[in-house]
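Taking it in order: structure first as structure tokens, then the write-up.
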Amino acid sequence: MRFTRAAVALTAAALVVTACGADPGGGDDKVIKIGLTFPLSGSGLASAGPSRDGALLAIEEANAANTVPGYTLEAMVLDHAVNGVHDPQQGSKDMTTFVKDAAVMAVIGPFNSSIAAVQIPISNEAGLYQCSPANTAEGLTKPEFGALDIRKAFPERINYVRVATTDDVQGPAVAKFGIGELNLKTVAIIDDTETYGKGIADAFETEWKKLGGTVVGREGAPKGTTDYVPILTNFARSNPDAVFFGGVTGTGGGLVRKQI
């Protein structure tokens, strides 16, 4: 498997690549490819673009330092945004493309948890190392949240890692800040119904109620929703201290803020 021939480790700021003795491409080209899978068109670019650029810079610096003697590191960049929004089906195609290329030794990405949920089964079965700078859904790595269920081929194989804090930490942190620091009492919640958005909203709501706060309303609005005014108007009747949105800019975050 590929992770027995090469290992790739990320810190929050840089990508460090090392390689074992075997020829990863099976030929004489002496190239190790690093796959980058991000939403790179539409609203996702603003968030995911810096992660792509950071990885590209690290690869450039690694080549300049001759980090892997005898090999050149080469980025293979794929965009899984469709109509400006990250798309799980395209994300799955990204990973399949990487798996089919024997020179791809590792993958950086994806940015969204819903994409990771469809990519991990593919990278896990192929033994392809994968590291995300942004995924937060608990079920991607924590068995108690179902992480083994998306690794049916090799449940105990650790080929995917991430450097972001999970939703079961992030959601409660926001709730604690809202109640403890901002002295808020009531909140209304919107989530985008996706893996990340619903997950962090669930974690936030549980902690909010645990701390004595009141949730005056909650609605799920899938990506593609263009009018949040009916939901917000309904929330306004309860006059909440705040509105919590579970999701990203491309799945409604920016539009909700504007329409509030």
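Remember, it's a predicted structure, so these values are computed and weren't measured experimentally. Below, all heavy atoms of this structure are taken into account, side chains as well, without hydrogens, waters or symmetry copies.
Under the salt bridge (Lys or Arg N to Asp or Glu O under 4.0 Å) criterion, D168 pairs with K142, sequence neighbours left out. In this structure, the ring-ring contact (aromatic ring centres under 6.0 Å, His included) partners of F244, at least two apart in sequence or on a different chain, are F204.
A side chain to side chain donor-acceptor pair (under 3.5 Å) with T251 is found for exactly one of D192, T225, T193, namely D192.
Not a single donor-acceptor pair under 3.5 Å links the side chain of E138 to the backbone N or O of G199. Here the side chain of S92 pairs no donor or acceptor atom with the backbone of Q119 at under 3.5 angstrom. At least one donor-acceptor pair under 3.5 Å links the side chain of Q170 to the backbone N or O of T165. Formation of a donor-acceptor pair under 3.5 Å by the N159 side chain with backbone atoms of S123 is found in this model. Side chain of R151 to backbone of L140: a donor-acceptor contact under 3.5 angstrom is found. No donor-acceptor pair closer than 3.5 Å links the side chain of T136 to the backbone N or O of D167. D87 places no side-chain N or O within donor-acceptor distance of the main-chain N or O of A81, the cut-off being under 3.5 Å. Using modelled atom types, no side-chain atom of K185 and backbone atom of I179 make a donor-acceptor pair closer than 3.5 Å. Remark: side-chain polar atoms of T37 are not paired, donor with acceptor, to backbone N or O of L78 under 3.5 angstrom. Within the 3.5 Å criterion, the main-chain N or O of T195 finds no donor-acceptor partner in the side chain of S114.
Considering CG of L211 and OG1 of T206, their distance stands at 11.0 Å, rounded to 0.5 Å. From M105, atom CE reaches atom CG of L128 across 7.5 Å, with rounding to the nearest 0.5 Å.
The shortest side-chain heavy-atom distance between R218 and D202 falls under the 4.5 Å cut-off.
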Applying side chain to side chain donor-acceptor pair (under 3.5 Å), run through D94 and H80 and close with a yes or a no.
-> CA-CA 7 Å; D94 279 9; H80 54 247; 3.2 Å; yes
I would like to know whether L36 and V107 meet side-chain contact (heavy atoms from CB on, under 4.5 Å); could you show each step before the answer?
-> CA-CA 6 Å; L36 306 182; V107 174; over 6 Å; no
Please step through side chain to side chain donor-acceptor pair (under 3.5 Å) for the pair D79 and S41, ending with a clear verdict.
-> CA-CA 7 Å; D79 176 12; S41 54; 3.0 Å; yes
R237 and N234: CA distance, side-chain angles, deciding distance, side-chain contact (heavy atoms from CB on, under 4.5 Å) verdict | CA-CA 6 Å; R237 295 188 180 101; N234 185 50; 3.2 Å; yes
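By the 6.0 Å contact criterion, CD on E144 is enclosed, its count of non-hydrogen atoms from other residues, nucleotides or ligands being greater than 12. For CG of D227, the number of neighbouring non-hydrogen atoms (other residues, nucleotides, ligands) closer than 6.0 Å is greater than 12.
Between the side chains of N135 and Y160, at least one donor N or O lies within less than 3.5 Å of an accepting N or O.
Cluster annotation: L56 is connected to Y71 through the hydrophobic network of ILVMFWY side chains, with a link wherever side-chain heavy atoms come within less than 4.5 Å.
Other members of a hydrophobic cluster containing V118 are absent, since no ILVMFWY side chain comes under 4.5 Å of it, directly or through relayed contacts.
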